[in-house]
Protein chains: 2
Amino acid sequence: MERSSTTPGGSARREATRQKLYEAAVTLIAEQGFSATTVDEIAERAGVAKGTVYYNFASKSVLFEELLRHGVGLLTASLREAAEKTAGEGGSRVDALDAMIRAGLVFIDRYPAFTQLYVAELWRTNRAWQSTLMVVRQQAVAVVEGVLREGVANGEFSEEIDVPLTAAALVGMVLVAALDWKSFQPERSLDDVHAALSRLLQGRVSGR
Amino acid sequence: MERSSTTPGGSARREATRQKLYEAAVTLIAEQGFSATTVDEIAERAGVAKGTVYYNFASKSVLFEELLRHGVGLLTASLREAAEKTAGEGGSRVDALDAMIRAGLVFIDRYPAFTQLYVAELWRTNRAWQSTLMVVRQQAVAVVEGVLREGVANGEFSEEIDVPLTAAALVGMVLVAALDWKSFQPERSLDDVHAALSRLLQGRVSGR
DNA sequence: GTTTTTGCACTGACCAGTCAGTTCAAAAGA
DNA sequence: TCTTTTGAACTGACTGGTCAGTGCAAAAAC
């Protein structure tokens with residue numbers, strides 16, 4: 001009997017094949033895009049028969065959709081943790097933003113293929129997983145927006161900032177810088193990249 | 001007789017059909033991705049026979065590649081113009097960056113579909129048009145890097161900034177903010193968005 | 001009279017999804 | 001302990017459809 005593919009309660013075996021399929025799919029789709037990646041390729045790279053893909057996921061789209069949910073979930077948790085940690089330590093909201101930048105970089109460092117694929121899909125319209133994507137995106141961005149709002153509330157940030165737009169800009173800054181890092185100067189250290197972005201965040205670009 | 005599809009010297013008529021094909025392709029590919037978009041669809045939307053597509057372009061890939069070249073060329077020219085104009089007016093390099101942010105926003109406002117498609121392809125590897133894309137990307141980013149270097153040279157920016165990384169981060173900031181603007185709050189004015197990003201650029205976020 | 005476009009039939013490769021059958025570990029039965 | 005049964009998990013050949021690209025004669029545009 002088939003089981004709903006929305007995760008929980010699967011056997012350990014099943015969960016393991018799912019994981020293998022995610023890993024295979026993420027790199028292939030990051031490189032080639034969703035439509036150019038065949039189910040046969042995914043199965044082959046995962047070391048599994050094609051039928052197994054369909055035993056575990058209702059369709060190619062569903063596999064992809066769950067992959068998105070899974071990945072963005074990890075990112076959101078990581079951002080939230082970074083924000084809460086600095087709050088617990090009594091750090092300023094700028095410190096929280098800085099910690100989140102680092103968390104973002106760590107994530108992208110660990111899952112570059114996922115990040116790539118996420119960016120490639122995010123602003124597309126009319127795709128099957130569009131609504132799923134909106135939901136998870138909003139969860140992640142909301143963490144950044146939350147910190148900005150706290151900063152405005154306690155006077156640390158100007159009341160004139162546009163919270164959603166500034167959040168998007170900050171995310172973009174980290175995203176694009178990190179993807180360029182991974183693509184074009186992968187030998188650089190995370191600390192190095194983090195330092196450059198910190199500087200930009202704190203307006204220590206102009207002046208000396 | 002077939003003609004090389006690398007543009008110049010085409011008749012006005014031919015150039016017009018090419019343009020129609022670009023416009024049709026850009027929206028379709030932005031929405032669906034390259035592989036999911038069929039040549040038949042492109043031809044239909046352009047109001048042209050399928051054979052005409054192949055009379056004008058050697059293949060689907062070549063059509064797309066020329067589209068990329070064309071679009072990024074427009075962007076680069078626009079950025080360069082913005083940078084040179086403020087230089088001519090004796091503005092500071094921060095002013096130049098600000099003018100380029102505006103130029104970027106204007107571009108994205110006018111060609112949202114192209115921008116979307118460009119972002120979706122930029123960090124992919126192993127695609128046919130990969131090398132073309134690297135070249136045009138570098139042309140555009142180089143304009144930003146140039147302004148940053150001038151700023152460092154004349155003491156306006158810290159010598160410690162990492163030019164390529166900061167350039168990437170700035171591009172990312174504008175790109176993501178603008179795509180979010182177009183996708184989620186399209187009613188806002190360009191000036192509004194520009195003001196928010198200016199503030200961020202000039203470090204007027206923290207403090208009041 | 002040359003270039004460009006049209007319309008349309010055709011091909012061959014490719015691919016998402018299906019399904020009848022296999023495997024095997026663990027439960028039930030002896 | 002050994003045997004049988006069960007069913008979840010997996011397999012891979014197969015199908016039906018799709019799509020990039022071709023070929024070509026006739027029309028339209030220049």
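The sequence lines fix the lettering, A, B, ..., with proteins before strands; numbering per chain opens at 1. Both backbone and side-chain heavy atoms feed into the values below; hydrogens, waters and symmetry mates do not.
- For the pair B/F57 CZ and C/dT5 P, the interatomic distance rounds to 10 Å; values are reported in whole Å.
- Taking the charged nitrogens against the carboxylate oxygens, A/R199 and B/D162 have no contact shorter than 4.0 Å, which rules out a salt bridge.
- Regarding A/I42, its CD1 atom lies at a distance of 13 Å from the C1' atom of C/dG17, rounded to whole Å.
- Taking the ring centroids of B/W129 and B/F34, they lie under the 6.0 Å cut-off.
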Show the atom names and distances, to 0.1 Å, of all donor-acceptor pairs under 3.5 Å that link a side chain in residues 130-139 of chain A to residues at least two apart or in another chain.
{"from": "A/Q130", "atom 1": "NE2", "to": "A/R124", "atom 2": "O", "distance (Å)": "2.9"}
{"from": "A/T132", "atom 1": "OG1", "to": "A/E65", "atom 2": "OE2", "distance (Å)": "2.5"}
{"from": "A/R137", "atom 1": "NH1", "to": "B/D180", "atom 2": "OD2", "distance (Å)": "2.5"}

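- In this structure, A/G51 and A/A36 both approach DNA chain C, and ranking their closest nucleotides by distance from the 5' end singles out A/A36.
- OP1 or OP2 of D/dA20 sits under 4.0 Å from a side-chain N or O of B/K60.
- Within 4.0 Å (heavy atoms only), A/T37 reaches sugar-phosphate atoms of the nucleic acid but no base atom.
- Nucleotide C/dC15 holds its P atom 12 Å from the OH atom of A/Y54, rounded to whole Å.
- Of the candidates D/dC10, C/dT5, C/dA16, D/dC10 carries the atom nearest the A/N56 side chain, counting heavy atoms from C-beta on.
- Among the atoms of the strands shown, none is found under 4.0 Å from any heavy atom of A/V53.
- Atom-to-atom, CG of A/L21 to P of C/dA16 comes out at 14 Å; the value is rounded to the nearest Å.
- The side chain of B/T52 places an N or O atom within less than 4.0 Å of a non-bridging phosphate oxygen (OP1 or OP2) of C/dT6.
- Looking at which nucleotide of DNA chain C each of B/A49 and A/D40 is closest to, the 5′-most match is held by B/A49.
- The phosphate of C/dT5 has OP1 or OP2 within less than 4.0 Å of a side-chain N or O from B/T17.
- In the interface, the side chain of B/K50 is not paired with the base of C/dG7 through any donor and acceptor atom under 3.5 Å apart.
- In this entry the distance linking CZ of B/R14 with C1' of C/dT5 reads 11 Å, nearest Å.
- B/T86 and B/A99 get closest at one heavy-atom pair: CG2-CB, 3.7 Å.
- The separation between A/E44 atom CD and D/dC10 atom P is 18 Å, rounded to whole Å.
- Between A/Y55 and D/dC10 there is no side-chain polar atom (N or O) within less than 4.0 angstrom of OP1 or OP2.
- A straight line from NZ of A/K20 to C1' of D/dC10 spans 11 Å, rounded to a whole angstrom.
- Between A/E41 atom CD and C/dA13 atom P the separation is 18 Å, expressed in whole Å.
- Judged by a 6.0 Å distance limit and a 45° cone about the ring axis, B/R69 is not positioned over the six-membered ring of B/F64.
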